[in-house]
Protein chains: 2
Amino acid sequence: MARLPLYLRIAEESLRAGTATISSEELARAGGINSAKVRKDLSLLGSLGTRGTGYDAASLVMAIDEILGVTRDWPVVIAGVGNLGRALVNARGFFTGGYRLVGIVDTEPSLLGTMVGTSIVETFEAIEQRLASPPAIGVITTPAEAAQDAAQALVRLGVRSILNFAPRFLEVPSDVHVRYVDLSMELQILSYHATLGREDEQHDVASVSPIRSVASKVQGS
Amino acid sequence: MARLPLYLRIAEESLRAGTATISSEELARAGGINSAKVRKDLSLLGSLGTRGTGYDAASLVMAIDEILGVTRDWPVVIAGVGNLGRALVNARGFFTGGYRLVGIVDTEPSLLGTMVGTSIVETFEAIEQRLASPPAIGVITTPAEAAQDAAQALVRLGVRSILNFAPRFLEVPSDVHVRYVDLSMELQILSYHATLGREDEQHDVASVSPIRSVASKVQGS
DNA sequence: ACGTGTGAACTAATTCACAGCA
DNA sequence: TGCTGTGAATTAGTTCACACGT
C-alpha cells in the first residue's frame, strides 16, 4: 500500500517527539486522511494496535520498516546529471535509510569524470564494470528524449525499480517497476483546480479546522 | 481530471512529430494506460474526436489548454532555497507555458539578497510589498519543520494553490488546494514492490510488449 | 470507556462491449 | 471498416458503524 511510508514517517516523528503510543485518529490527522482508512491499512499488517490504547509507535515503525524493507540495503544509480539529478544527490532526506547512491551516469562526454557530490559521473559501461552486484533502483533525471534509452540501460544493469522524473512513459519488461514523477504536470493539475473553481477537498481535516493563527509572524522562526 | 496534462503532453508531441490526428489507442499506448479510459476522459470535454479517424491533435491541445488554463498567466512563488528549490528554478521544463516565477522566499538571513537564477531571495514581507497582485501558486521546498509556516505565509500572500515538497501535511483553509510530492516516499514505495515481489502491473502496455532491443547500445545516442 | 478491527454499505474508478457515425 | 462515445458490468477504494478486546 502506497500509504505505508506516510504512516512510517508519522510514527517516527511521534517517537522523536517522545510519544510512545499513537491512535489511528492521530495518524489520520497528521496524514490528512480518514481514521478508518488508517485502521484498514494497518490491520492488514497484522494486529498491531491495542484496543482502547492505540498503536505502539516503535512496533509500528519496526513493522513498516520490515514490509518496506527500508532498513535493507538499496543501491541506487542516478541517470542524468541535470539540475534535478544534482539536487537529489545533495538533498538531505532523499538518500536516507538503506537507500545508498552507488553511481551517477550520463552520456554527455563533457560531464564524464566530473564530480557530483561525492560521486564521479561515469558511463553505463564503467559502472557495470565497477559494481560487484547490480543496483536495485534507478532514478532517471534525463531529458525526455533520453529517458527510454536510460531505462533500457538501467534494466541491463539489473535494476528492478525505476523512479522516472522525465516526462515520458517508459517501456520496460513487466517485472521492472516504474514510478512516475512529473513536476510540470503537478503545476498543471494545480492550475486546473484553480481554473475550474473548487470542487471537493481531498483532506477533510483542512475543511474542518481552519489555520490557527493567520496573523502570526510566520517567517520569524 | 489528473490525466489531462498527460494527454496534453502526448498531443503536443504528436503535433511536433507532424502527426495531425491521434487515436485513443495511440494516446493510451504513449501514456501507458487503457484506451477506454482515454475516451472516457476526453468525452467529458465534449465531443472532440471523429469516429473512424481519431482526435485532431491541434484541437485537443487547444481544448485541454483551455480547461487547464495553461496559457493563462500563473505567477509562482517558491518558498525555500535548498537544493530542490534551486533545481526547480533552473530546470528547463518546470516553468513553461504561463507558469512564471515571480519570487523566491527564504527565512535564512544569510540567503536574503543572494541570487538564485535570475531572482533575488527575499522575505515574505518584501515580496508582498513588491508584487502588485498576489501570486497564484506557491511551491514549498523548505525542510519539514518550516513547511507549515511557509504555507501560512503563502496563504497570506494570496496563494490559492500549493505544491508541497516537504514531508509534512499542511493545514490550510479549505479553499486552498495542496498537492504533495514526497521524493523519499517514492523510493520507499519502489522498494516495497521490490520487497514483496511483483503483484500486478500498472501499465498493461509494459506487460504486452517487452522492450524492443535490450541488446542494442543504449547510451551511445 | 476507549480505540481497534472488520463486515457491510457506499462511492469512485476502471474496463468491457457495442451501438452509431464518419 | 475503424474508431469514438457511452451505457452496463466490474473492480477497487473509501467510509460507516459497531462488535469486541483491553
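Each chain gets a letter, A, B and so on, in the order its sequence line appears, and its residues count up from 1.
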Contacts of type side chain to side chain donor-acceptor pair (under 3.5 Å), residue A/S23, not counting sequence neighbours: A/E26
Let me know the distance between CD of A/E25 and C1' of C/dC2, rounded to the nearest Å. 13 Å
Which pairs of donor and acceptor atoms, one on a side chain in residues 70-82 of chain B, lie under 3.5 Å apart (sequence neighbours left out)?
unit_1, atom_1, unit_2, atom_2, d
B/R72, NH2, B/E66, O, 3.1
B/D73, OD1, B/R100, NE, 2.9
B/D73, OD1, B/R100, NH2, 3.4
B/D73, OD2, B/R100, NH2, 2.7
B/W74, NE1, B/G69, O, 2.5

Donor-acceptor pairs under 3.5 angstrom involving side-chain atoms of residues 46-57 of chain B: please list them, not counting sequence neighbours.
unit_1, atom_1, unit_2, atom_2, d
B/D56, OD2, B/S59, N, 3.0
B/D56, OD2, B/S59, OG, 2.4

I need the residues from residues 40-62 of chain B with at least one non-hydrogen atom less than 4.0 Å from DNA chain C; give them sorted by number, or say none. B/K40, B/T50, B/R51
Contacts of A/S191 that satisfy side chain to side chain donor-acceptor pair (under 3.5 Å) - sequence neighbours left out: B/Y99
Side-chain contact check for A/R39: nearest option of D/dC18, D/dT15, C/dT15 is D/dC18
Salt bridge (Lys or Arg N to Asp or Glu O under 4.0 Å): pairs with one or both residues in residues 181-192 of chain B, sequence neighbours excluded: A/R9-B/D182, A/R179-B/E186
Could you state the atom-to-atom distance from NZ of B/K37 to C1' of D/dA12 in whole Å? 12 Å
Passing candidate, side-chain contact (heavy atoms from CB on, under 4.5 Å) with A/L154, options A/V176, A/N164, A/I140: A/I140
Considering only residues two or more places apart or on different chains, which pairs with a residue in residues 80-92 of chain B satisfy salt bridge (Lys or Arg N to Asp or Glu O under 4.0 Å)? A/E145-B/R92
Stretch residues 2-19 of chain B: residues that reach within less than 4.0 Å of DNA chain D through a heavy atom: none
Calculate the interatomic distance between B/N34 atom CG and D/dT6 atom C1'; express it in whole Å. 14 Å
Checking A/E25 now: which residues fulfil side chain to side chain donor-acceptor pair (under 3.5 Å) with it, not counting sequence neighbours? A/S35
